[in-house]
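When a residue number appears, it is its place in the shown sequence, counting from 1. Numbering of ligands and ligand atoms starts at 1, following listing order.
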Amino acid sequence: MKKALVLGGETGLLGQALTRALQADGWTVHTLGRRDGNLLDRDFLQGALAGHAPHIIFNAVAWTAVDDAEDRTEDALLLNRALPSMLAQTLKTLGSGHLMHYSTDFVFSGEGTRLWTEDDTPQPRTAYGRTKLEGEQAILGILPDRACILRTAWLFGPGRKNFVSTILGACRQRDAIRVVHDQVGSPTYTADLAQWSVALAQSGATGIWHAANGGQASWCDLACEAVSLAAAPCRVIPIDSADWPQKAQRPAFSALDTRKLATFLGKPPRPWPQALREYLFSENMLLPSDNGGRS
Ligand SMILES: NC(=O)c1ccc[n+]([C@@H]2O[C@H](COP(=O)([O-])OP(=O)(O)OC[C@H]3O[C@@H](n4cnc5c(N)ncnc54)[C@H](OP(=O)(O)O)[C@@H]3O)[C@@H](O)[C@H]2O)c1
């Protein structure tokens, strides 16, 4: 029986999708989160890994509060660098187990308009991006032969608040919302990312992979598409980042090049609008006359 351990598998946006995808694929899945103990306690972590003895460990735990990371960088480092490092070290000591870890498009500067490849040099401009990059480097330094880093972006999916659910929630309260149009990235459906992750894990993939749905969008494009699919009676007004001040300065262009993943899958990841439609359909948020592209 294939055994997986998903850190964050009970509560995380991606963690929950991973748990579902693995169970659907016939894996025995255990989850590990703060309710089970202190993940940052080395003895607890070692005991959990040795006890479950999983073939694959998916680490979907992270400090994901991008703005808060600017002031609480030490706390962000604990989750985004120390935890991945401890995981890799523990698996090295145990001598078994493959590690699937997640990182972010925010490792890139955001300059230019060329899709970012796995070979491009990261140059994070936020504390969050820096802590995530240090996590990647720690893992690849300790466990290069048994670790895979999936850089993903702009996640939406069921089970936890995300940009799309926030936008549609706001549209229920207001007749107009203002959304930034000058930051462009790669919207990604957690269910798709989970499936690619399972496939990569099964093949024993190592190194860095960019994993995102096809196409690119601004936050405003993503909001417009969600509002339109849900037929929400709400106007989406494009605004400049300068008119939406945030503590951490997001990359202007962080869309990911996914050709490496496409070659592995034998087809390109499906376009984000198609994935968005499926998400809204699964949540009963789609315009009633639209069947989500299903027959
Ligand atoms: N969301 C995005 O748009 C995005 C974009 C690019 C990359 N990523 C990466 O994708 C991965 C998954 O992100 P996500 O959006 O699924 O994250 P998320 O929904 O914010 O979930 C984070 C998980 O980490 C857990 N966690 C946080 N602090 C913890 C602590 N001190 N002890 C134990 N558990 C703790 C949370 O548990 P609780 O529920 O108990 O708090 C939750 O299960 C991360 O590596 C992230 O950097 C995400």
Sequence neighbours left out, what passes ring pair (Phe, Tyr, Trp, His ring centres under 6.0 Å) with Trp116? Give chain and number order.
-> Phe108
Distance-only side-chain donor-acceptor flag, Arg151 / His210, under 3.5 Å = yes
Tell me, please, which residues at least two apart from Tyr102 pass ring pair (Phe, Tyr, Trp, His ring centres under 6.0 Å).
-> none
In terms of hydrophobic clusters joined by side-chain contacts under 4.5 Å, are Leu13 and Leu32 together?
-> no
What pair of heavy atoms forms the shortest contact from Asp221 to Trp272, and how long is it?
-> O-CH2, 4.0 Å
Tabulate distances under 3.5 Å between N/O atoms of ligand 1 and N/O atoms of the protein, writing both atom names on each line.
| residue | atom | partner | partner atom | Å |
| --- | --- | --- | --- | --- |
| ligand 1 | 3 (O) | Leu155 | N | 2.9 |
| ligand 1 | 16 (O) | Leu13 | N | 3.4 |
| ligand 1 | 16 (O) | Leu14 | N | 2.8 |
| ligand 1 | 19 (O) | Leu13 | N | 2.9 |
| ligand 1 | 19 (O) | Arg160 | NE | 3.2 |
| ligand 1 | 20 (O) | Thr64 | OG1 | 2.8 |
| ligand 1 | 24 (O) | Ala62 | N | 3.4 |
| ligand 1 | 28 (N) | Arg34 | NH2 | 3.3 |
| ligand 1 | 37 (O) | Thr11 | OG1 | 3.3 |
| ligand 1 | 39 (O) | Thr11 | OG1 | 2.7 |
| ligand 1 | 39 (O) | Arg160 | NH1 | 2.7 |
| ligand 1 | 40 (O) | Arg34 | NE | 2.8 |
| ligand 1 | 41 (O) | Arg34 | NH2 | 2.7 |
| ligand 1 | 43 (O) | Thr11 | OG1 | 2.7 |
| ligand 1 | 43 (O) | Gly12 | N | 3.2 |
| ligand 1 | 45 (O) | Tyr102 | O | 3.3 |
| ligand 1 | 45 (O) | Lys132 | NZ | 2.7 |
| ligand 1 | 47 (O) | Tyr128 | OH | 2.7 |
| ligand 1 | 47 (O) | Lys132 | NZ | 3.0 |

Which residue pairs pass the salt bridge (Lys or Arg N to Asp or Glu O under 4.0 Å) test with at least one member in residues 47-68, sequence neighbours excluded?
-> Asp67-Arg250
